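Only a predicted model underlies this, so the values are computations on that prediction, with no experimental measurement involved. In what follows, chains are A, B, ... by sequence order, proteins preceding strands, each numbered from 1.
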Amino acid sequence: MPELPEVETTRLGITPHVESQTITKVTIRNYSLRWPIQSDIEDCLVGQHINHISRRAKYLLLHCTDGTLIIHLGMSGKLRVLDSADNVAKHDHADIQFGNGITLRYNDPRRFGAILWTQDDIQHHKLLEHLGPEPLCAAFSADYLYKKAQKRKVCIKTFIMDGKVVVGVGNIYANEALFLAKIHPKTTSSQLSNRQLEQLVTTIKQVLEKAIAAGGTTLKDFRKSDGQPGYFAQQLNVYGRDKQACHHCDNKIQTYKEAQRATYFCPLCQPLLN
DNA sequence: ACATTGACCTGGGAGC
DNA sequence: TGCTCCCAGGTCAATG
């Protein structure tokens, strides 16, 4: 599930329950995620106070007394806030309990996610230090993107999904932003004009902001186990809409694979110019 | 340095 | 009902 809006929604959802709490107990039921959870993580975490929770790209960062707990949700990960540590279900790989009685439970069927404890300077952590700017920050600008794009020959969809260019633009929102900017996903990045990239920067910010706002509408239900993220309800223009009518011109949406990811576009609204 | 592909996993749905 | 095949919101590592 998680693209950036869901990770941000998760951060906002867990923060009031977990921030400024102290970890009292840690239960790992499956250490085998994308990278193995370190075997002594219980010892490392118990007693740690959560000073602050932040997000960098799709990584959740729980800043603790003596280090940082990095959590990534991968393709299928979920974090829930529970009143009880009972009712353990399949794929509930980890529980973190706090002094206020809350349990933070990590569930991840595909196990592409990660739970990592680090005492390094988090800015220079191997997974974070080479990441591009946050999409919703001023540093992600048309000028920035244009300069980067000049040096690259990949198609624009692959380009904006590259975390070294900009973080947090996953497959759904890459498709949606390109539709709104009227850019064909196959367009070579270096061939786009400053004007077009300005439009694309705008639509990336717009689509992510809208999705975060939609995710926020489900926050009141965050503690329910079945609390579905709200952004699914959002109107998608192209993603998953193969052969359906374009909302703008009524032509049929088409699909193909780009870098092994499903790509959707409207051939009329997003003409290929090069 | 950049571009491309494979790899990691489980579950759900389509088609037979 | 059950089997096989394909697909899925991510991203690092290995290979040219």
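Atom name C1', nucleotides B/dG11 and C/dC12: the rounded distance is 23 Å, in whole Å. The gap from the P atom of C/dC7 to that of B/dT5 amounts to 16 Å, rounded to the nearest Å.
Checking A/T103, A/D92, A/L104 one by one against A/R80, the side chain to side chain contact (heavy atoms under 4.5 Å, CB included) holds for a single residue, A/D92. A side-chain hydrogen bond (donor to acceptor under 3.5 Å, both in side chains) with A/T263 holds for exactly one of A/E258, A/H184, A/K157; it is A/K157.
Among the heavy atoms of the strands lying under 4.0 Å from A/Y59 are primed sugar atoms or P, OP1, OP2 only; no base atom is included. Here A/R152 lies in heavy-atom contact (under 4.0 Å) with sugar-phosphate atoms only.
Distance, A/E6 CD to C/dG10 P: 11 Å, rounded to whole Å. Here C/dG10 presents its P atom at 12 Å from CD1 of A/I160, a figure rounded to the nearest Å. Whole-Å rounding puts the A/R261 CZ to C/dA8 P distance at 8 Å. C/dC12 atom P lies 14 Å from atom CE of A/M75, rounded to whole Å. Taking atom CE of A/M161 as the reference point, atom C1' of C/dA8 lies 12 Å away to the nearest angstrom. Note: NE2 (A/H125) to P (C/dC12) measures 11 Å, nearest angstrom. Atom pair A/K126:NZ and C/dT11:P shows a separation of 15 Å (rounding to whole Å applied). When rounded to the nearest whole Å, the span between CD1 of A/I156 and C1' of B/dA3 equals 15 Å.
Checked by atom type, the side-chain pair A/H93/A/D108 shows no donor-acceptor distance below 3.5 Å. Looking at A/Q48 and A/D66, their side chains do bring a donor and an acceptor atom within 3.5 Å of each other.
Side-chain contact between A/Q206 and A/L180: present, with at least one pair of heavy atoms (C-beta onward) separated by less than 4.5 Å. When side chains are defined from C-beta on, A/L4 does not count as touching A/V169, because their heavy atoms never get closer than 4.5 Å. Looking at A/K58 and A/P2, their side chains never come closer than 4.5 Å, going by heavy atoms from C-beta outward.
Relative ring orientation between A/F265 and A/Y256 is described as perpendicular, the plane-to-plane angle rising above 60° on a 0-90° scale split at 30° and 60°.
Note that CD1 of A/I253 and CG of A/L268 are 9.5 Å apart. Values are rounded to the nearest 0.5 Å.
In this structure, A/K151 does not reach the B/dC2 phosphate: none of its side-chain N or O atoms is under 4.0 Å from OP1 or OP2. Taking only side-chain nitrogens and oxygens, A/Y239 comes nearer than 4.0 Å to OP1 or OP2 of C/dG9. Proximity of A/H72 to the phosphate of C/dT11: a side-chain N or O atom is located under 4.0 Å from OP1 or OP2.
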Practice task
State the dot-bracket string of DNA chain C. Criteria: Watson-Crick or G-U wobble, both atom distances under 3.5 angstrom; notation: ( ) intrastrand, [ ] crossing earlier pairs, | interstrand, . unpaired.
Solution key: .|||||||.|||||||

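Using a cutoff of 4.0 Å between basic side-chain nitrogens and carboxylate oxygens, A/K25 and A/D95 are not scored as salt-bridged.
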Exercise for the section: Starting at the 5' end of nucleotides 4-11 of chain B, put B wherever the base has a protein heavy atom under 4.0 Å, S where only the sugar-phosphate does, and a dash everywhere else. Expected result: SBB-BBBS

